[in-house]
**Student:** 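I have a structure I would like to understand better, so I am pasting it below and will then ask my questions one at a time.
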There are 2 protein chains.
Amino acid sequence: MTKIDDVARLAGVSTATVSRALRGLPTVSAATRRRVLAAAEQLEYAVSPSASRLAGGKTSTVAVVVPRITRWFFGTVVEAVEEFLHESGYDLLLYNLGGREQTRQRVLRTGSLHKRVDAVILVATPLRPPEVTALTALDLPGVTISSGTDVPGWPCVRIDDVAAARTATRHLLDLGHTRIAHISGDPDDELAFTTHLDRRRGYQAALRAAGIRPDPSLDVESQFTIDGGNRAAAELLARGEPPTAIFAACDEMAMGAMTALRDAGLRVPQDVSVIGIDDHDLAKVLGLSTIAQPATEQGLLAARILLDPLGVRTAEPYAGHLPAQRGGDAPGDTPMPPVILPTRLVVRESTAPPRAH
Amino acid sequence: MTKIDDVARLAGVSTATVSRALRGLPTVSAATRRRVLAAAEQLEYAVSPSASRLAGGKTSTVAVVVPRITRWFFGTVVEAVEEFLHESGYDLLLYNLGGREQTRQRVLRTGSLHKRVDAVILVATPLRPPEVTALTALDLPGVTISSGTDVPGWPCVRIDDVAAARTATRHLLDLGHTRIAHISGDPDDELAFTTHLDRRRGYQAALRAAGIRPDPSLDVESQFTIDGGNRAAAELLARGEPPTAIFAACDEMAMGAMTALRDAGLRVPQDVSVIGIDDHDLAKVLGLSTIAQPATEQGLLAARILLDPLGVRTAEPYAGHLPAQRGGDAPGDTPMPPVILPTRLVVRESTAPPRAH
DNA sequence: CTGAAAGCGCTTACAG
DNA sequence: CTGAAAGCGCTTACAG
């Protein structure tokens with residue numbers, strides 16, 4: 001294949017000049033740049049990323065780590081990140097942990113990321129202490145989205161899970177419900193640790209604020225999936241008198257719960273109200289009330305925050321979203337406050353006053 | 001950071017030997033290999049992918065190109081592919097075209113993929129002639145999943161879209177429907193070209209086989225999305241007497257259609273039956289009848305077919321799925337028959353006999 | 001089974 | 001603004 005020497009020869013310049021011209025460095029005369037570009041085009045020259053990376057010391061690649069790409073939130077985040085990265089000239093290496101311990105180890109514990117990427121975007125993946133250590137040792141910039149653990153020096157973008165859950169629960173309380181169940185995350189799933197704990201906290205806080213003592217028998221733990229929600233709701237019903245409302249920790253769980261209720265002959269919302277968190281793109285189809293969270297915005301913002309310090313041209317300014325502390329060159333060990341994006345209550349058909357009213 | 005020389009020094013061997021030992025080449029004595037591995041571990045050595053790729057001439061990276069990662073089929077395929085690639089020691093570069101012409105050009109028209117990846121998996125992306133030319137010029141191995149166009153030398157994995165559509169339509173006919181509408185792909189969306197044409201062909205074939213002449217007023221074109229299905233169904237209803245059944249070209253469209261029907265005060269299936277294609281993971285929640293297609297299997301199989309000739313250890317044999325013609329080293333220009341995976345009818349609550357019955 | 005040496009194709013000081 | 005030369009960190013014949 002054609003390489004930089006071929007272009008240099010055709011353009012009548014050195015390879016150093018070709019390299020500079022092609023990368024748009026300012027230290028090239030307009031005439032020379034034109035000649036180089038013409039030569040490159042004529043030869044259909046494409047630089048060898050491996051050679052460029054080895055010589056230049058940067059990979060122009062970002063690792064994006066998600067628990068499961070098939071879940072709404074993660075797919076949406078990846079889509080947003082992908083667009084931003086590619087428009088900024090970066091490649092996206094996808095790591096879908098998928099609950100596989102081996103994959104997790106390879107990505108999070110070994111140095112495999114080290115000379116492979118320039119930065120990391122870690123989505124909803126709380127870390128164990130040794131993983132934090134390993135990741136820190138990598139000495140790479142990174143951003144965390146909706147993660148539970150902080151990696152020192154890595155900014156974090158997320159929503160306020162406690163507040164979102166409080167709003168959801170309060171919506172049910174406002175409708176007159178008092179027997180409000182909660183479908184929460186899997187206690188064994190350390191990967192989803194913080195998010196579900198925060199959401200339960202918000203649920204309980206709203207109940208207490210309304211003078212209601214949280215009832216453990218109305219609190220079921222399961223997985224953050226459709227099936228998880230389905231099983232959790234089934235168990236809830238098996239426990240005895242059904243609640244009049246269910247707040248599920250995410251929309252996918254809420255959807256699974258709706259199926260379980262229907263299978264049990266209960267109508268939503270006449271018999272049981274259901275609300276989730278996300279605003280999954282099928283929430284509207286199902287008439288599911290929910291707390292909408294901005295997934296695309298979280299992805300975009302994370303990518304921006306990450307690439308900005310790497311000296312990448314970004315389309316729009318994002319100052320409005322950033323806490324005042326950032327923007328300068330904060331030392332890596334200054335704990336950065338998370339960037340919190342807003343959520344909002346979306347009322348659809350799955351929530352209504354309880355029968356008794 | 002520590003490099004291969006450091007390991008070589010510590011182990012008391014040459015860098016060539018370190019390289020061989022670390023990659024598991026057979027030409028290294030057991031004792032030497034042990035020493036090298038110990039040294040590498042002690043120094044926490046990780047090879048530099050850039051250097052290795054430049055010297056070795058292979059990137060151990062595969063480009064995966066999808067229209068939209070957030071759609072069920074594509075997310076599921078990527079998840080399957082990702083697992084297989086990473087277990088085989090390959091990196092996955094994600095390209096989400098997202099309908100952006102610019103992105104498409106960069107990926108499909110320029111040589112940007114050239115020295116960046118060893119192979120390509122192209123999902124549901126029919127190509128324009130110049131793109132086929134450009135991709136062929138890359139001289140890379142590739143596999144196509146559910147694509148409309150063939151790239152010479154690239155195997156293709158897919159379902160039989162005509163048959164799937166025929167089965168869906170026949171299910172409605174068997175229930176007694178005769179006014180069966182079809183929601184098809186966007187005619188302007190050349191990216192979804194073949195799939196929706198094939199599905200329409202199956203729909204019409206089934207009608208004709210039942211002695212029914214396809215009625216153009218019952219055939220609406222829209223996009224392969226929830227919204228697309230929603231708008232299409234709304235238009236269908238605006239055209240006059242509603243059909244008694246709708247066959248949507250994919251589940252997401254079917255779901256959107258269900259919402260439109262509900263919004264119009266029509267019940268599913270009492271007033272209108274609805275069936276799709278996919279078996280989306282929310283189809284069950286919505287009680288949607290559908291033609292299930294194996295997304296995970298298509299992804300896995302494509303990855304296997306791709307990596308196998310590259311000399312990668314694969315877990316299970318896949319001979320059962322492969323056409324007899326493959327398996328040897330067929331010349332690249334021999335047209336390969338597509339690998340067709342089976343679909344199956346899944347009857348749920350969204351389809352029933354028409355009212356009149 | 002192992003090593004010395006060339007080479008992969010760029011980028012980067014350095015000098016002019 | 002431009003070029004000569006070193007160097008990025010590996011792998012691969014080649015020779016032994």
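On a predicted model such as this, the values are computed, not experimentally measured, just so you know. Proteins get letters first, then strands, A, B, ... in listed order; numbering begins at 1 in each.
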**Student:** Using the P atom as the point on both nucleotides, what is the distance between dT2(D) and dA6(D), in whole Å?
**Tutor:**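 Those two atoms are separated by 23 Å.
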**Student:** When you measure from the side chain of Lys115(A) to the backbone of Ala46(B), do you find a donor-acceptor pair of N or O atoms at a distance under 3.5 Å?
**Tutor:**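 Side chain of Lys115(A) to backbone of Ala46(B), a donor-acceptor pair under 3.5 Å: yes, one is there.
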**Student:** Please state how far atom CZ in Arg9(A) lies from atom P in dG3(D), giving the value in whole angstrom units.
**Tutor:**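 So the CZ-P distance, Arg9(A) to dG3(D), works out to 14 Å.
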**Student:** Looking at Thr32(B), does any N or O in its side chain come under 4.0 Å of the phosphate oxygens OP1/OP2 on dC1(C)?
**Tutor:**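 Result: no.
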**Student:** Quick check on dT2(C): is either OP1 or OP2 less than 4.0 Å from any side-chain nitrogen or oxygen of Ser29(B)?
**Tutor:**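 True: Ser29(B) side-chain N/O within range (under 4.0 Å) of dT2(C) OP1/OP2.
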**Student:** Check every strand shown and say whether Pro49(A) touches a base, only sugar-phosphate, or nothing at a heavy-atom separation below 4.0 Å.
**Tutor:**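 The answer is nothing, as Pro49(A) stays clear of every strand by at least 4.0 Å.
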**Student:** Looking at dG3(D), I'd like to know if its phosphate oxygens (OP1 or OP2) sit under 4.0 Å from a side-chain N or O belonging to Ser14(A).
**Tutor:**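 So the side-chain polar atoms of Ser14(A) do come within 4.0 Å of the phosphate oxygens OP1 or OP2 of dG3(D), strictly under.
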**Student:** Any idea which heavy atoms bring Ile121(A) and Ile145(A) closest together, and the distance?
**Tutor:**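 For Ile121(A) and Ile145(A), the tightest heavy-atom pair comes out as CG2-CD1, 4.0 Å.
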**Student:** Between dT12(D) and dG16(D), how far apart are the two C1' atoms, rounded to whole Å?
**Tutor:**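 dT12(D) and dG16(D) have their C1' atoms separated by 16 Å.
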**Student:** Can you tell me the distance, in whole Å, between the CG atom of Leu22(A) and the P atom of dT2(D)?
**Tutor:**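 Interatomic distance, CG of Leu22(A) to P of dT2(D): 14 Å.
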**Student:** How would you list, by chain and number, every residue that makes a side chain to side chain donor-acceptor pair (under 3.5 Å) with Gln105(B), sequence neighbours excluded?
**Tutor:**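 Expected list: Glu101(B).
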**Student:** Produce a footprint string for nucleotides 6-13 of chain C: one letter per nucleotide, 5' end first; B if the base is under 4.0 Å from any protein heavy atom, S if only the sugar-phosphate is, - if neither.
**Tutor:** -BBBBSBB
**Student:** Calculate the interatomic distance between Arg34(B) atom CZ and dC1(C) atom C1'; express it in whole Å.
**Tutor:**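 In whole Å, dC1(C) C1' lies 15 Å from Arg34(B) CZ.
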**Student:** When you measure from the side chain of Thr15(A) to the backbone of Ile4(A), do you find a donor-acceptor pair of N or O atoms at a distance under 3.5 Å?
**Tutor:**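 Checking the backbone N and O of Ile4(A) against the side chain of Thr15(A), no donor-acceptor pair under 3.5 Å is found.
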**Student:** Is the shortest side-chain heavy-atom distance between Lys3(B) and Ser48(B) below 4.5 Å?
**Tutor:**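 Side chain of Lys3(B) against side chain of Ser48(B), heavy atoms only: no contact under 4.5 Å found.
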**Student:** I'd like to check the side chain to side chain donor-acceptor pair (under 3.5 Å) partners of Thr133(B); sequence neighbours left out, ordered by chain and number.
**Tutor:**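 Listed in chain order: nothing, the list is empty.
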**Student:** List for me each residue that meets salt bridge (Lys or Arg N to Asp or Glu O under 4.0 Å) alongside Arg68(B), sequence neighbours excluded, and say none if there are none.
**Tutor:**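 Here the qualifying residues are Glu79(A).
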**Student:** So, applying side-chain contact (heavy atoms from CB on, under 4.5 Å) with Val62(B), which one of Asp91(B), Val81(B), Leu306(B) is it?
**Tutor:**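 Passing option: Leu306(B).
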**Student:** Go ahead and write out DNA chain D as dot-bracket, 5' to 3': ( ) for pairs within the strand, [ ] for ones crossing earlier pairs, | when the partner sits on another strand, dots for unpaired; Watson-Crick or G-U wobble, both distances under 3.5 Å.
**Tutor:** |||.||||||||.|||
**Student:** Can you list the residues that meet the salt bridge (Lys or Arg N to Asp or Glu O under 4.0 Å) rule with Arg100(B), with sequence neighbours excluded?
**Tutor:**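 Salt bridge (Lys or Arg N to Asp or Glu O under 4.0 Å) check on Arg100(B) returns Glu82(A), Glu83(A).
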